[in-house]
2 protein chains.
Amino acid sequence: MSARRPALSVDVVSLTPHGRRLTVLLVRVGDSRSKERWELPNDAPRSDETIDEAAARVVRPTLGAQPAMLEQVAAFGDRRRHPSDAAVSIGYVALVASGASASLGGDAAWFPVDELPPIAPRQRAIVDGAMHAVRARLDQSPIAFRLLPSTFTLSQLQEIYELLLGRRLHKASFRRALHASWLVEPTDEWRSEGRGRPAQLFRYAPRKRRGSRRGVRFEGVSGT
Amino acid sequence: MSARRPALSVDVVSLTPHGRRLTVLLVRVGDSRSKERWELPNDAPRSDETIDEAAARVVRPTLGAQPAMLEQVAAFGDRRRHPSDAAVSIGYVALVASGASASLGGDAAWFPVDELPPIAPRQRAIVDGAMHAVRARLDQSPIAFRLLPSTFTLSQLQEIYELLLGRRLHKASFRRALHASWLVEPTDEWRSEGRGRPAQLFRYAPRKRRGSRRGVRFEGVSGT
DNA sequence: TCAATAGTGTCTGTTAGACATTATGGA
DNA sequence: TCCATAATGTCTAACAGACACTATTGA
């Protein structure tokens with residue numbers, strides 16, 4: 001994309017749920033005759049741009065709209081290979097609401113995060129770092145809602161938490177903690193999905209907390 | 001230090017306790033006639049160097065030895081001013097054991113973190129980011145021990161935790177949680193400091209955890 | 001002796017996780 | 001009807017924080 005040996009690149013890991021899996025957005029890069037090559041959307045920041053602005057610009061063409069969240073992960077300045085050969089790459093995570101990924105740019109596609117095609121080693125590290133950062137922030141701030149449409153069932157919400165944490169949660173405990181956190185409110189609608197009893201729809205509506213807690217906080221482990 | 005408008009700088013926030021305060025290492029910069037100016041130790045990374053290596057090189061001359069921990073905080077690429085005018089600065093935190101800061105380089109000095117002299121706005125943001133990162137990692141990994149000599153009293157350890165967390169902890173709860181975490185073991189020595197009963201000295205000696213926890217974990221708030 | 005700090009034992013309220021039960025729809 | 005999922009109530013073990021107490025030194 002940019003000229004030879006830039007000092008910097010900005011790389012964005014876009015995440016969205018697809019079914020029961022978390023997926024990452026990759027773009028196919030040139031080389032029409034050689035075998036397929038994929039990479040994270042990335043570019044060198046321009047001279048008049050902050051790195052946050054560069055990251056926003058990098059996701060714009062591939063994603064239709066702006067993501068629900070875009071945050072820096074870290075700088076990666078080791079000797080691992082990067083497509084642009086940049087000395088240092090700055091990783092970002094973008095969270096995209098489920099279903100909002102309808103209009104993908106031409107050569108972009110979503111891949112399950114645990115089944116990525118071969119990518120440059122440094123970009124592989126950026127993806128891992130992005131997952132770490134998201135998990136770390138999950139109990140500090142309510143970022144799980146960024147991956148959901150505006151109304152959702154509690155089972156959907158729990159599924160997102162399980163996707164991000166990589167482990168099952170206890171249903172009753174999850175709902176108790178959620179209730180105590182005052183982050184959601186019920187709507188009048190119910191949704192029937194397949195078998196079983198229909199689920200009530202909720203929306204994200206954080207209330208002022210009187211004293212203490214910041215996020216949702218689960219120690220909760222195994223699930224039935 | 002380096003030529004005009006480098007693309008990158010690496011800035012290191014070195015932390016060590018002094019008495020009951022956390023202090024940051026700053027260096028005085030040139031300008032012998034003008035009024036004092038201080039800044040975080042920083043430099044542009046060299047072309048053959050990773051950013052981690054650059055950070056290690058930056059702290060070496062000012063600190064006597066290598067710090068007990070050196071980790072990246074984040075990249076700071078906004079439009080705030082930086083001494084070198086770098087487009088992007090990468091912040092690092094170094095933790096230095098108490099007392100190990102005997103041989104400081106020429107124009108370096110420790111300042112209480114809440115009473116820093118005026119520094120460039122971006123470096124101010126790097127210091128804040130470093131404090132955030134340290135607090136965030138405190139309950140994930142036992143970094144408090146990096147700020148202590150090899151043997152210490154439990155009151156000293158608790159004081160470090162209070163310094164880093166910025167709030168008082170409950171003594172009995174602190175010791176209970178510490179005992180449960182299997183991170184320290186007692187030595188045969190006791191130390192008498194001023195009045196009161198002498199305190200037993202402990203050393204950092206993490207044991208294998210059978211099941212769950214990673215760090216120390218305190219919800220614990222107020223102290224007697 | 002008093003003051004100050006170290007170190008411990010007990011009580012209580014909160015809560016995470018397990019378990020059980022009811023509710024409600026589709027096949 | 002049976003089955004699958006939603007939603008909720010109760011029990012229990014673990015634990016954080018409060019409180020009280022003993023232990024041991026210096027002044």
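Sequence lines set the chain letters: A, B, ... in the order given, protein chains first and strands last, and positions in each chain run from 1. Atoms considered below: every heavy atom in the structure, side chains included; atoms not considered: hydrogens, waters and symmetry mates.
- Residue Thr153(B) is the one, among Thr153(B) and Arg176(B), whose nearest nucleotide of DNA chain C lies closer to the 5' end (criterion: closest heavy atom).
- In this structure, Phe174(B) atom CZ and dC15(D) atom P are separated by 17 Å, rounded to whole Å.
- Along DNA chain D, the nucleotide nearest to Leu154(A) and the one nearest to Arg195(A) differ in position, and the one closer to the 5' end is contacted by Arg195(A).
- Between Ala172(A) and Gly196(A), it is Ala172(A) whose nearest contact on DNA chain C lies nearer the 5' terminus.
- As rounded to whole Å, 15 Å separates atom P of dG26(D) from atom CZ of Arg191(B).
- At least one side-chain nitrogen or oxygen of Arg175(A) sits closer than 4.0 Å to the OP1 or OP2 atom of dA7(D).
- The side chain of Lys171(B) approaches dA6(C) more closely than any other nucleotide in the set dA6(C), dA7(D), dA18(D).
- Side-chain N/O atoms of Arg197(A) and base N/O atoms of dA7(D) include no donor-acceptor pair closer than 3.5 Å.
- Residues Phe152(A) and Tyr204(A) keep their aromatic ring centres 6.0 Å or farther apart.
- To the nearest angstrom, C1' of dA18(D) lies 15 Å from CZ of Arg168(B).
- Within 4.0 Å of Ser155(A), counting heavy atoms only, lie sugar-phosphate atoms of the nucleic acid but no base atom.
- For the salt bridge (Lys or Arg N to Asp or Glu O under 4.0 Å) test with Glu159(A), the passing option among Arg20(A), Arg168(A), Lys171(A) is Arg20(A); the others fail.
- Here the P atom of nucleotide dC11(C) and the NE2 atom of His170(B) are 16 Å apart, to the nearest Å.
- Remark: P of dA6(C) and CD of Glu189(B) are 17 Å apart, rounded to the nearest angstrom.
- In terms of the salt bridge (Lys or Arg N to Asp or Glu O under 4.0 Å) criterion, residue partners of Asp78(A) (sequence neighbours excluded) are, by chain and number, Arg80(A), Arg122(A).
- Salt bridge status for Arg21(A) with Glu115(A): present, with a side-chain N to carboxylate O gap under 4.0 Å.
- The nearest whole Å value for the distance from the CD atom in Glu193(A) to the P atom in dT5(D) is 11 Å.
- Of the listed nucleotides (dA7(D), dT24(C), dT25(D)), dT25(D) has the atom at the smallest distance from the side chain of Pro198(B).
- Rounding to whole angstrom units, CD of residue Gln156(B) and C1' of dG7(C) are separated by 16 Å.
- Looking at residues two or more places apart in sequence or on another chain, you find no salt bridge (Lys or Arg N to Asp or Glu O under 4.0 Å) involving Arg191(A).
- Distance CG (Leu157(A)) to C1' (dA7(D)): 15 Å, rounded to an integer number of Å.
- Gln200(B) comes within 4.0 angstrom of sugar-phosphate atoms only, judged by non-hydrogen atoms across all strands, and of no base.
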